[in-house]
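Let me begin by handing over the structure; questions about it come next.
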Amino acid sequence: MAAANKLLIHTCCAHCTAYSMEYWRALGYDVIGLWFNPNIHPFTEHHLRLEAMRKLALGMDFQLVVLEGYDFHEYFRRVVGYETERCSVCFDLRLSRVAYQAAVMGIDYFTSSLFISPHQKHDIAKAAGEQAATQNGARFLYADLRKYYSDSRRITKPFELYCQQYCGCLYSEYERCCLSSHEPVLQP
């Protein structure tokens, strides 16, 4: 039997998750965080972000479910050959897994902390969430929280958490480095 007031939120990083948690809690949801980010590379970066998320979960008192494994193989299998559409592929991979996990856990609703970031492609991520909902039977909730991004950063400041410098994938790290050094951007 599903818990109607529960919400499974995909957590992409601690800084985006903080306000997202507060937002959904204020709406009356019992929010559970879910860590599944096979797109984050290298592994040391993935580990730093996961440790920051664990620290935030303790500090903000929320349950964090960490899916076992680091399924980077599946991420690269899906992205190779589709580098220009990699964000769509990435959103689909992660949000499909969150929707599936919500159904397995008997949770009616799911969303993502991605929707607070002004750096994410909300239209593509929202479409991936809606598709994942249709395929898995969980209900997708979307809220455009971009205007609260700085509020989320203020919430996390006292926790002294690791702060990433790029979206997460090797492609975004490469583009960040190339754009700052005025080299050409990766072209597939």
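For the single chain, residues carry numbers from 1 onward in sequence order.
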> Can the ring centroids of H41 and Y75 be said to lie less than 6.0 angstrom from one another?
Replying inline: yes

>> Working to the nearest 0.5 angstrom, can you tell me the gap between L27 CG and R25 CZ?
In response: 12.5 Å

> Of the non-hydrogen atoms in A102 and F110, which two are nearest, and what is the gap between them?
Replying inline: CB-CB, 4.3 Å

> When clusters are formed by joining ILVMFWY residues with side-chain heavy atoms under 4.5 Å apart, either directly or through shared neighbours, do L50 and L58 land in the same one?
Replying inline: no

> Shortest non-hydrogen contact from C12 to I40?
Replying inline: O-CD1, 4.1 Å

> For the residue pair Q135 and S96, what are the closest heavy atoms and their distance?
Replying inline: OE1-OG, 4.1 Å

>> Just to verify, which of K121, K126, Q120 counts as forming a side chain to side chain contact (heavy atoms under 4.5 Å, CB included) with D123?
In response: K121

> Would a 4.5 Å heavy-atom cut-off, applied to side chains only, mark D108 and K6 as touching?
Replying inline: no

Pairs under 3.5 angstrom only: tabulate donor-acceptor contacts from the side chains of residues 138-145 to other protein residues two or more places apart or in another chain.
residue	atom	partner	partner atom	Å
R139	NH1	Y109	OH	3.0
Y142	OH	H122	ND1	3.0
D144	OD1	R146	N	3.2
D144	OD1	R146	NE	2.9
D144	OD2	R146	NE	3.3
D144	OD2	R146	NH2	2.7

> Donor-acceptor pair, N136 side chain versus A132 backbone, under 3.5 Å?
Replying inline: yes

> Between S112 and L95, which heavy-atom pair has the shortest distance, and what is it?
Replying inline: CB-CD2, 3.8 Å

> Under 3.5 Å, side chain of T11 to main-chain N/O of L34, donor-acceptor pair present?
Replying inline: yes

> Which value, rounded to the nearest 0.5 Å, describes the distance between K147 atom NZ and D151 atom CG?
Replying inline: 10.0 Å

> What do the steps show when you test H46 against W35 for side chain to side chain contact (heavy atoms under 4.5 Å, CB included), and what is the final call?
Replying inline: CA-CA 10 Å; H46 183 272; W35 177 265; 3.3 Å; yes

>> Whether the side chain of S113 engages the backbone of H10 through a donor-acceptor N/O pair (distance < 3.5 Å, no angle test) should be reported.
In response: yes

> Looking at S117 and C16, what are the two nearest heavy atoms and their distance?
Replying inline: CB-SG, 4.0 Å

>> Closer than 3.5 angstrom, by distance alone: can the side chain of T156 be matched with the main-chain N or O of R153 as a donor-acceptor pair?
In response: yes

>> So, using side-chain contact (heavy atoms from CB on, under 4.5 Å) as the criterion, who are the partners of A103 when residues are at least two apart?
In response: none

> If you measure from CZ on F76 to CG on N39, what distance do you get to the nearest 0.5 Å?
Replying inline: 9.0 Å

>> Using the rule side-chain hydrogen bond (donor to acceptor under 3.5 Å, both in side chains), only one of E45, R49, R94, R97 pairs with N37; which is it?
In response: R94

> Should V104 and V98 be regarded as members of a common hydrophobic cluster, given that ILVMFWY residues are connected when their side-chain heavy atoms come within less than 4.5 Å of each other, either directly or indirectly?
Replying inline: no

>> With a 6.0 Å cut-off (strictly less than), is the heavy-atom count around OH of Y100, excluding the residue itself, greater than 12?
In response: no

> Atom CZ of F115 and atom CD1 of I9: how far apart are they, to the nearest 0.5 Å?
Replying inline: 9.5 Å

>> Assigning hydrophobic clusters by single linkage (Ile, Leu, Val, Met, Phe, Trp, Tyr; side-chain heavy-atom cutoff under 4.5 Å), is F62 placed with V66?
In response: yes

> Got a donor-acceptor contact below 3.5 angstrom from the S152 side chain to the Y148 backbone?
Replying inline: no

> To the nearest 0.5 Å, how far apart are CG in D30 and CG in L7?
Replying inline: 9.0 Å

>> With a 4.0 Å cut-off on N to O distance, would you call E74 and R78 a salt bridge?
In response: yes

> Transitive ILVMFWY cluster of F91 at side-chain heavy atoms under 4.5 Å: who else is in it?
Replying inline: L114, I124

> Is the backbone of Y70 close enough, under 3.5 Å, to the side chain of H73 for a donor and an acceptor to pair up by distance?
Replying inline: no

>> To check you understand the geometry: which heavy-atom pair defines the closest contact between I32 and M21, and what is its length?
In response: C-CE, 4.3 Å

> When rounded to the nearest 0.5 angstrom, what distance separates OG in S20 from CD1 in I155?
Replying inline: 9.0 Å

